[in-house]
Amino acid sequence: MKNKIFALIDCNCFYASCEKVFRPDLKDSPVVVLSNNDGCIVALSKEAKNLGIKRGVPLFKSRGIIEKHDINVFSSNYTLYGDISARVMKTLTLFSHDIEIYSIDEAFLNLTDFKHIDLVKYAQKIKETIYKCVGIPISVGIGETKTLSKLANKIGKKYNKFDGVFNIVNHPAKEKIFSFFDVSDVWGIGFEYTKMLHKNNINSILDLVNADDVWIKKKMTIKGLYTVWELRGDSCIDLEKYIPDKKNILSSRSFGSPVTSKKELAEAIAYHITLACESLREQNSVCSFITIFFSTNRFKENEPQYMNAKTMPLLTPHAYTPDLINTAHKALDLIYKSGYKFKNCGVVLGGILPLSHRQLALFDDHGIDYKKTNIIKAIDDINDSYGKEKIITGAFKYNKSWAMRREYKSPNYTTNWNELPLVKA
DNA sequence: TCTGGGGTCCTAGGACCC
DNA sequence: TCTGGGGTCCTAGGACCC
């Protein structure tokens with residue numbers, strides 16, 4: 001399809017920007033945000049980037065530079081980021097109802113209907129509005145396809161003179177731009193494909209655009225071919241306007257400190273089942289099998305290593321937390337070995353289908369167990385209204401010995417009455 | 001001492017069926 | 001005992017994304 005226009009809106013350094021919204025004192029200060037368990041640096045403000053800090057590096061390796069420059073460190077606060085993200089997305093719908101929320105900090109807008117107005121001005125208006133209403137800086141890239149809008153966004157962000165907005169639609173210097181950027185800058189070309197393309201002397205985006213279709217399909221599957229077509233201006237990847245149901249739901253986490261007993265591991269697994277089940281019921285689905293897994297710390301080469309996983313089928317697909325915990329604990333009995341220091345564990349709910357589609361087992365005379373359905377619905381309602389984990393199963397405790405570290409967490413400014421920001425006038 | 005978590009899609013190959 | 005083609009379903013592995 002030709003003649004479409006897409007915009008990709010991307011929140012700049014999203015997590016770090018969220019931490020700054022209610023901390024005006026940090027406006028021009030370096031900020032970094034850590035992964036779960038305060039492990040790695042996953043987001044940095046531009047001031048932190050300028051100091052040479054890198055994304056993905058473990059916190060302990062950056063300690064020196066953090067202390068030297070007095071950098072502000074935050075544990076990740078997904079409650080806050082999720083709420084601010086929702087505000088950004090809602091504000092974006094003022095500018096086009098044709099929107100795909102692509103991730104927590106990105107959205108595609110279909111701007112085809114706006115092709116006769118000054119798109120750069122329109123994008124600047126979007127940017128100003130989001131900053132004014134939500135306090136988050138964004139960049140906007142505009143292109144004939146989603147892939148091109150991603151590239152345009154990267155360009156707008158990279159060069160200060162564009163002020164975060166770049167339009168590549170019918171750009172007179174498109175070929176020059178393509179020859180300037182590397183294939184790795186393209187959405188959909190990751191580390192492995194970059195290596196492969198470079199080896200075959202395809203280095204710039206221009207080389208890729210001029211590559212042979214049959215060869216691309218053979219080497220990079222149909223998806224790679226779509227990427228190339230999109231770079232040529234032919235839109236193959238459409239907006240996904242509704243959020244599809246998840247096909248797998250995973251909950252896993254590293255432990256705050258090593259776990260050495262089966263009891264603790266069983267508690268942690270019960271906790272993950274609880275989380276995963278909540279999100280399963282949220283989409284009105286049931287699962288047909290569950291997988292549990294755990295492992296020791298692979299970075300500790302001198303300690304004994306053991307990792308294992310076990311999948312258990314369910315006779316009748318369901319989403320009832322206590323029964324799933326029982327099944328998970330049976331799986332644990334089958335593969336647990338003592339004498340190890342475990343570092344993480346998790347569960348996957350698979351074979352997910354809508355509640356309405358579930359097949360009952362041949363001899364399952366109850367079909368739907370209304371008592372269980374009502375109990376779990378009541379628990380969900382209470383937890384929704386009064387806050388997470390107000391009612392939990394006895395299979396894990398409130399004071400989780402294995403819980404993750406979050407030493408530097410900011411308040412939930414926007415979602416908890418007790419943590420509202422204070423303004424002194 | 002300290003190294004994230006949560007997803008999707010595509011393809012090849014094997015098992016099985018008619 | 002050996003032979004053929006066509007199809008589906010499932011799974012593992014590999015790639016990608018944020």
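In what follows, chains are A, B, ... by sequence order, proteins preceding strands, each numbered from 1.
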Could you check whether A:Y102 and the base of C:dC18 form a stacked pair, meaning centres closer than 5.5 Å and planes differing by less than 30°?
-> no
Can you see if the side chain of [X] gets near the phosphate of [N] - specifically, an N or O under 4.0 Å from OP1 or OP2?
X      : N      : value
A:K246 : B:dG7  : yes
A:K247 : B:dC9  : yes
A:R405 : B:dT1  : no
A:N248 : B:dG6  : no
A:K223 : B:dT11 : no

B:dC18 - base-pair partner by Watson-Crick or wobble geometry, distances under 3.5 Å = C:dG5
What's touching nucleotides 14-16 of chain B from the protein side, N or O pairs under 3.5 Å?
none

Considering only NZ, NE, NH1 and NH2 on the basic side and carboxylate oxygens on the acidic side, decide whether A:E144 and A:K174 come within less than 4.0 Å.
-> yes
When you check the gap from the basic side-chain N to the acidic O, do A:K377 and A:D381 get nearer than 4.0 Å?
-> yes
Test item: side-chain donor near acceptor, [X] and [Y], under 3.5 Å:
X      : Y      : result
A:E19  : A:Y81  : yes
A:W215 : A:N200 : no
A:D10  : A:S139 : no
A:T311 : A:T291 : yes

Cation-pi geometry met for A:K337 and A:Y306 (6.0 Å, 45°) = yes
Mind checking if [X] touches a base, just sugar-phosphate, or nothing, with heavy atoms under 4.0 Å?
X      : result
A:K195 : nothing
A:K218 : nothing
A:S257 : nothing
A:I189 : sugar-phosphate
A:L59  : nothing
A:K343 : sugar-phosphate

List in numerical order all residues of residues 34-48 of chain A for which some heavy atom is under 4.0 Å away from an atom belonging to DNA chain B.
-> A:S35, A:N36, A:G39, A:C40
Check each residue of residues 61-92 of chain A for a non-hydrogen atom within less than 4.0 Å of any atom in DNA chain B, then write out the ones that pass by number, or none.
-> none
Pairwise 5' ranking along DNA chain B for A:F299 and A:D245, keeping only the more 5' one | A:F299
Rounded to whole angstrom units, what separation is found between the CG atom of A:L8 and the P atom of C:dC17?
-> 13 Å
If you take all heavy atoms of A:N3 and A:T112, which pair is closest and at what distance?
-> O-CG2, 3.5 Å
If you draw a 6.0 Å radius around CZ in A:F180, do more than 12 non-hydrogen atoms from other residues or ligands fall strictly inside?
-> no
Do the rings of A:Y336 and A:F342 sit parallel, tilted or perpendicular, given the 30° and 60° boundaries?
-> tilted
